[in-house]
2 protein chains.
Amino acid sequence: MTADTKERILNVAERLFADRGFPATPLRDITNEAGVNIASVNYHFGSKEALLAAVLERRLRPVNARRLELLDAIEAAAGNGVPNVEDVIRAFLAPPFQKRQEWGAGGDNFLRLLGRIHSETNEEFRATFFQQFQGVFRRFEQALQRALPHLDATDIGWRMLFLVGSMALTMAWGESFASIGPASHKDPEDVLESLIQYAAAGMASPVPIGVPVGAAQTGHAS
Amino acid sequence: MTADTKERILNVAERLFADRGFPATPLRDITNEAGVNIASVNYHFGSKEALLAAVLERRLRPVNARRLELLDAIEAAAGNGVPNVEDVIRAFLAPPFQKRQEWGAGGDNFLRLLGRIHSETNEEFRATFFQQFQGVFRRFEQALQRALPHLDATDIGWRMLFLVGSMALTMAWGESFASIGPASHKDPEDVLESLIQYAAAGMASPVPIGVPVGAAQTGHAS
DNA sequence: GTATGATTAAAACAAGCGTTGGATTCTATA
DNA sequence: TATAGAATCCAACGCTTGTTTTAATCATAC
């Protein structure tokens with residue numbers, strides 16, 4: 001019935017979009033695997049694009065809600081004081097990885113998909129995705145500005161971009177990187193801790209002072 | 001003539017692949033814009049896939065060569081000592097951004113494309129791309145192991161993944177992030193310095209000790 | 001000028017693709 | 001039970017796509 005049909009489409013779409021990318025995943029592959037008719041996609045979702053948006057939204061909404069919930073708690077605890085950098089970063093990075101545990105196989109698919117989407121340079125995609133993301137990004141930017149008052153807003157913004165990059169690639173590749181061999185094996189919870197530690201250290205690092213002489217020479221030698 | 005035809009195809013492909021992604025870029029768009037015939041792609045490159053490989057290789061080869069050159073110099077200077085973490089990271093991160101200056105508009109396109117490709121989860125893509133990349137990755141992994149002898153290889157590997165994530169998203173989004181407004185404007189050289197600083201701090205940060213109690217509680221509450 | 005191979009062009013193939021319109025079936029309600 | 005709306009199905013549309021085949025043109029050497 002209806003709820004089942006939609007759910008099946010969403011689940012299969014999530015996996016195939018994650019594995020192959022949106023443009024390279026024909027709707028017929030999705031519907032064949034979900035055991036539904038091709039016309040169901042347009043009936044229930046309106047278009048292939050809208051299906052992608054629905055796939056993303058059903059997971060991003062609780063993830064972002066959780067992020068904001070955690071951030072609210074941190075800010076409430078800090079009162080007029082300075083929120084802890086690592087706590088803020090944890091509030092941002094932890095929810096997708098923790099929700100993934102909750103969601104089972106779908107969670108893995110979602111992480112891979114979300115990791116890919118972050119690097120999407122196509123304007124249309126970006127507009128859709130960014131819309132769901134930018135409010136949260138701003139909130140965390142502001143919290144980090146409070147946590148790191150010596151950094152200017154530009155530096156915070158860029159460092160958040162770097163942080164999001166780490167998160168995205170870990171989402172996209174983390175599962176397969178971990179399965180290369182024993183040398184790269186690491187429990188998901190440990191991976192998350194490493195990521196948080198790494199990002200917090202980078203975020204809190206001193207601001208570079210100008211362009212070092214070494215780098216200038218390298219540039220000129222090219 | 002031949003060299004001109006190939007060059008034009010490569011340049012247009014680079015840009016369109018960067019803007020829209022490989023699967024979403026029809027060959028006819030490339031050839032129309034390059035002013036050549038559709039059959040030229042198969043004649044000169046063999047297939048669409050091979051065109052992508054050629055687009056990537058012509059830029060990655062000098063980038064990776066430069067990386068290894070810089071790393072060799074750092075290791076030679078260090079002799080039996082410990083190479084400097086930031087220097088090693090700079091040797092890895094700087095070449096694509098510096099080559100981009102050299103290459104003009106094509107360099108920007110290439111960065112965007114390379115940034116996207118890093119998040120590609122499709123197995124076929126990854127195999128092709130990874131082949132061109134993994135030797136370099138290994139070399140830098142080893143250099144960082146020397147630079148940070150207290151870290152085990154697994155941690156180094158994961159931190160490199162985080163570092164590559166930051167680099168990739170900066171490549172993919174850096175140009176447009178910088179142009180959002182005055183609040184995010186930053187000279188490309190300063191962005192690179194910030195990225196290096198951020199990554200070096202994260203790379204050299206202490207290893208997290210187990211799973212903190214706070215995170216465990218958060219996980220259970222979900 | 002001629003022959004040969006390289007390169008480009010034109011036309012087509014075979015398949016795929018998202019969407020659509022109308023028909024049919026299903027479901028809930030009075 | 002009848003009805004109306006929801007949901008699914010089927011067939012097709014109109015187009016796009018990477019690749020292929022053959023012909024035409026170009027470039028070079030003799």
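Chain A is the first sequence line, chain B the second, and so forth, proteins listed ahead of strands; every chain is numbered from 1. Owing to the predicted nature of the structure, the values given are computational and were not obtained by experimental measurement.
The CG-C1' distance, from A:Asn42 to C:dT20, rounds to 8 Å in whole Å. Straight-line distance from the CD atom of A:Glu49 to the P atom of C:dT19: 8 Å, rounded to whole Å. Atom pair A:Asp4:CG and C:dC26:C1' shows a separation of 15 Å (rounding to whole Å applied). Residue B:Leu51 contributes atom CG, which lies 15 Å from atom P of D:dT17 at whole-angstrom precision. We find that CG of A:Asp29 is positioned 10 Å from C1' of C:dG16, with the value rounded to whole Å.
Comparing D:dT19, C:dT19, D:dT8 by their nearest atom to the side chain of B:Leu27 picks out D:dT19. The side chain of B:Ile38 has C:dA11 as its nearest neighbour among C:dT19, C:dA9, C:dA11.
Distances shorter than 4.0 Å separate none of the side-chain N or O atoms of A:Tyr43 from OP1 or OP2 on D:dT8. Contact between the side-chain N/O atoms of A:His44 and the OP1/OP2 oxygens of D:dA6 is not found at any separation under 4.0 Å. In this structure, B:Thr5 reaches the C:dT8 phosphate: one of its side-chain N or O atoms is under 4.0 Å from OP1 or OP2.
Toward the 5′ end of DNA chain C lies the nearest nucleotide of B:Ala39, the other residue of the pair A:Lys48 and B:Ala39 mapping further downstream. Between A:Asn37 and B:Val41, the one whose closest nucleotide on DNA chain D sits nearer the 5' end is A:Asn37.
Using a 4.0 Å heavy-atom criterion, one finds that A:Thr25 contacts the sugar-phosphate atoms exclusively.
The shortest heavy-atom contact between B:Ser47 and B:Asn42 is CA-ND2, 4.0 Å. A:Leu71 and A:Ala91 make their closest contact through N-CB, 4.1 Å (heavy atoms, listed as atom of the first residue, atom of the second, distance).
Counting heavy atoms from C-beta outward, A:Arg116 and A:Phe22 have side chains that stay 4.5 Å or more apart. A heavy-atom distance below 4.5 Å is found between the side chains of B:Leu70 and B:Arg66.
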Would B:Lys6 and B:Phe45 count as a side chain to side chain contact (heavy atoms under 4.5 Å, CB included) if you check the C-alpha gap in whole Å, the side-chain angles of each, and the deciding distance to 0.1 Å? CA-CA 9 Å; B:Lys6 287 182 71 172; B:Phe45 300 101; 4.1 Å; yes
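Donor-acceptor pairing under 3.5 Å, judged by distance alone, is absent between the side chain of A:Arg28 and the base of C:dG16.
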